[in-house]
Every structure is written in structure tokens, then in C-alpha cells.
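As the structure lists them, so they are numbered: ligands from 1, and atoms in each ligand from 1.
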Amino acid sequence: MKAIRIHETGGLEKLVYEEISIPKPGPGQALVKIQAAGLNFIDIYFRTGLYKTALPFTPGNEAAGIVESVGPDVTEVKPGDRVAYAGVMGSYAQYSLVDAGQLVKLPDGISFQKAAAAMLQGMTAHYLTHSTYPLKAGETVLLHAAAGGVGLLLTQMARNIGATVIGTVSTEEKAELARNAGAHHVILYSQSDFEQEVKRITAGAGVDVVYDSVARATFDRSLNCLKRRGMMVLFGQSSGPVPPLDPNILNPRGSLYLTRPSMGHYTATREELLWRAGDVLKWIAAGSLKIRIHHVYPLSKAAQAQEALESRKTAGKVLLETM
Ligand SMILES: NC(=O)c1ccc[n+]([C@@H]2O[C@H](COP(=O)([O-])OP(=O)(O)OC[C@H]3O[C@@H](n4cnc5c(N)ncnc54)[C@H](OP(=O)(O)O)[C@@H]3O)[C@@H](O)[C@H]2O)c1
């Protein structure tokens, strides 16, 4: 089969398109014939070495496809099932081994592309709004990169809950997409100071929660946007990591809360995984959650796809077509 392999971490040239053998499922595993793989910013952290894993490896953390075969003791799926998954490395390939407990069966009417686009970013937006900070109608939220993969889904979920959504984006085209997704206020943080804008929009009150995945470029000013006892949810680092900080900075700004969550800790049980994936897929089928696919690249062009994502040229989801 064809796969992208990383033998050493570094630049885009480290994504090598290779022929490797199709693995065999062991106990509890399923072999998935991948139809579409989703790109996520975490793929870039692994490629550059910011996040560590054993070398060589096949990157990619999300896909949808068909169960080709299963190993012993698999009860969750059977050959022929249409499935999707997130948070398991190795999806930049035509086949991948996945623990069957990580697989979610797809309802009829959800395409492989939509499913591959929805799993990781959709479940992330779900846990952020339903568990990390359970957002309520009438509250106000600031979220950065509102036209990104997570951003467009987070905007829609926050809006559907009944919160007032303030989103930041870098360009006018992205602003239009964020507004269409339901953002009440959109700030071009590339052109104006988002802290001042948030204070103006909220008449000095600040927001209940900030969902910040941009990190280095936004973190400190995001803290200044919070209400007293508001919550800072730092869930990514697209502009680079936040430098080490003294927890005392949370006190003078109003006894703030700070958390640094990741999806794996919010989908750790099968019950929680099926709850979040089930909600996301149900909302897509019902039309209350829209998936925007920015572009689909062939597997062999994974480097081009990552280049687009890391250089802020994308809005919504980037996919790889593997067959
Ligand atoms: N913790 C978790 O569980 C979890 C799960 C999924 C994703 N994440 C995080 O969520 C973030 C979004 O992920 P995604 O896959 O949906 O990506 P994305 O939002 O589609 O792409 C990243 C966006 O970040 C913005 N950005 C700001 N400064 C940037 C910079 N210096 N370089 C690159 N981008 C910059 C850009 O939007 P503008 O052009 O509008 O600024 C860019 O489009 C990432 O930080 C990712 O690590 C975390």
C-alpha cells in the first residue's frame, strides 16, 4: 500500500510517499481501508518534532473508511462496516490498524469525506463547549481562528447553545466565513487589537470563556479579555507555545481559571467517545452543523496540504484522498 512516512522530524520534505506492506490486525484491532484522511494541526507538531513519537512513523490522526478485516476478540465492528476514528496515529495511508474500541460506525447518509472532516475537530469543539467549559445560553465567548477547522465548528456549536460569539480571524474572506457560521462579532486580529475590541463589544465587561488555540501570539491579551473568575481554555499553539508562566498572573486579573485540555482525555471511555461522535454526526445529518471542506489533496500531495494548513491559507477542513 501507499503511505506517507516520516523517518526524521523537520520540514515538509520529511513527508515521504512510500510503498509499505499492509499490516495484519492483532487482538482487539481492525484493519481499516481508508477512504479519506483528515489533516489536523497536531500533524504539524508531530512532523516538526514539537510533539514526540517513535521514528519512523506514518502521520495522521483521523480518517473514515471501511473495515477490511478484524483480529481476535473484536466485538465493536465487523468487515464491511463504514467507520471513522480520531486520535489514532497512521491515517496518511491506504490502510491503518486501529483499536476497534476507537472506531465509530457511520450512519447512512454521512459521506466518508464529511466523517473524516468531522471526527477530530468536531469532537474537540464538542468537549470544549460541553465539558471543559459547559457553555450556557446568554454567556459570551471569545474564540480565536474562528474560520479554522476547529474554529468554524466551535462557532456553530457555541451559537447553537445560545452564546454570544466573538471570533478572531486574519482576513476579510475568513471573517465572512466566521459570520456565516454564526459569529455575532468578528475581529480581524491581524489589523486591530482584539483585546480593545473585545472590551468595546462587551462594554468593558469581558467574556465568560476564551477558547485559545493560537497561544503565543494571543495568550496574554486573551487573559485580559476575561470577566472576573472567567475561564481560559488553552487548547492549541498554532502560533507557537506559550512561554513558562507564573500562576500568580491569574490572580490580579480576577481569580481566573486556566486549563490546557486535549481530546484524548475527553474521549477516554467508549461511552464518552460514542456520545461526542454521536452528537457531531447527528447534527451534521440534521443540518445544524455544517462541514466546510477547504480542499481535498491526493495522499501523495500531503506536503502541499500541510503547507497550506501551516501557512494560514486554509479555512475549514483539509482532507487527503487515499484511494
Ligand atoms: N487540544 C485539543 O484537543 C485540540 C484538538 C484539535 C485541535 N487543537 C488545536 O486547535 C488549533 C486549530 O486546529 P485546526 O486543525 O483546526 O487548524 P486551523 O484552525 O484550521 O488552522 C490554524 C489557524 O490558526 C490561525 N493562526 C494564527 N496564528 C497562526 C500562525 N502563526 N501559524 C499558523 N496558523 C495561525 C490561522 O487562522 P487565521 O488565519 O484566521 O489567524 C490558521 O488558519 C490548533 O492549535 C490545534 O493544535 C487542539
List ligand 1 atoms under 4.0 Å from [X], heavy atoms only on the residue side.
{"X": "Val169", "result": "40 (O)"}
{"X": "Arg260", "result": "1 (N)"}
{"X": "Lys174", "result": "37 (O), 38 (P), 39 (O), 40 (O), 43 (O)"}
{"X": "Glu310", "result": "32 (N), 33 (C)"}
{"X": "Gln237", "result": "45 (O)"}
{"X": "Val214", "result": "27 (C), 28 (N)"}
{"X": "Tyr127", "result": "1 (N), 2 (C), 3 (O)"}
{"X": "Gly236", "result": "9 (C), 45 (O), 47 (O)"}

Got more than 12 heavy atoms from elsewhere within 6.0 Å of [atom1], [X]?
{"X": "Tyr51", "atom1": "OH", "answer": "yes"}
{"X": "His265", "atom1": "NE2", "answer": "no"}
{"X": "Glu13", "atom1": "CD", "answer": "yes"}
{"X": "Lys227", "atom1": "NZ", "answer": "yes"}

### Query
Any Lys/Arg nitrogen of Asp99 or Arg270 sitting under 4.0 Å from an Asp/Glu carboxylate oxygen of the other?
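Looking at Arg270 together with Asp99, the answer is no, because their closest N to O distance does not fall below 4.0 Å.
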
### Message
Taking Lys313 first and then Glu173, would you say they form a salt bridge - that is, a charged N and a carboxylate O separated by under 4.0 Å?
### Response
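Between Glu173 and Lys313 there is no salt bridge, as every charged N stays at least 4.0 Å from the carboxylate O atoms.
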
With respect to [X], determine whether any N or O atom, backbone or side chain, lies less than 3.5 Å from an N or O atom of ligand 1.
{"X": "Gly148", "value": "no"}
{"X": "Thr168", "value": "no"}
{"X": "Met263", "value": "yes"}
{"X": "Asn40", "value": "no"}

### Query
Linking I/L/V/M/F/W/Y whenever their side-chain heavy atoms sit closer than 4.5 Å, directly or via other members, would Tyr45 and Tyr92 fall into one cluster?
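Per the 4.5 Å side-chain linkage, Tyr45 and Tyr92 are co-clustered.
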
### Query
Can you hop from Met263 to Ile284 via hydrophobic side chains spaced under 4.5 Å?
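Yes, because Met263 and Ile284 connect within a single hydrophobic cluster, where side-chain heavy atoms sit under 4.5 Å apart.
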
Between [X] and ligand 1, which residue portion shows a heavy-atom distance shorter than 4.0 Å: side chain, backbone, both, or neither?
{"X": "Leu120", "result": "side chain"}
{"X": "His144", "result": "neither"}
{"X": "Leu39", "result": "neither"}
{"X": "Pro261", "result": "backbone"}
{"X": "Tyr189", "result": "side chain"}
{"X": "Arg216", "result": "neither"}

Protein contact of [atom] - nearest heavy atom, named by residue and atom, plus distance:
{"atom": "atom 5 (C) of ligand 1", "value": "Thr124 OG1, 3.1 Å"}
{"atom": "atom 39 (O) of ligand 1", "value": "Ser170 OG, 2.5 Å"}
{"atom": "atom 1 (N) of ligand 1", "value": "Phe235 O, 2.8 Å"}

### Query
Evaluating non-hydrogen atoms only, which member of Leu128, Val150, Val233 is closest to atom 16 (O) of ligand 1?
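Answer by nearest heavy atom: Val150.
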
### Message
For a 4.5 angstrom cut-off between non-hydrogen side-chain atoms, does Arg312 reach Lys174?
### Response
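The answer is yes, as the side chains (C-beta and beyond) meet within the 4.5 Å cut-off.
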
### Query
Taking only residues at least two apart or on different chains, which pairs with a member in residues 59-69 satisfy salt bridge (charged side-chain N to carboxylate O under 4.0 Å, His left out)?
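Residue pairs passing salt bridge (charged side-chain N to carboxylate O under 4.0 Å, His left out), neighbours aside: Glu62-Lys317.
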
### Query
Would you call Ser262 a ligand 1 contact, heavy-atom distance under 4.0 Å?
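It does; at least one heavy atom falls under 4.0 Å.
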
Would you tabulate the side-chain donor-acceptor contacts of residues 105-112 under 3.5 Å, counting partners in other chains and residues two or more places apart, or write 'none'?
unit_1	atom_1	unit_2	atom_2	d
Ser111	OG	Lys114	N	3.1

### Task
Fit a plane to each ring of His144 and Phe194, take the angle between them on a 0 to 90° scale, and name the class: parallel (under 30°), tilted (30 to 60°) or perpendicular (over 60°).
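The arrangement is perpendicular - the two ring planes meet at more than 60°.
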
### Task
Apply the side chain to side chain contact (heavy atoms under 4.5 Å, CB included) test between Thr259 and each candidate in Leu128, Val233, Leu234; give the one that qualifies.
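With Thr259 as partner, side chain to side chain contact (heavy atoms under 4.5 Å, CB included) holds for just one option, Val233.
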
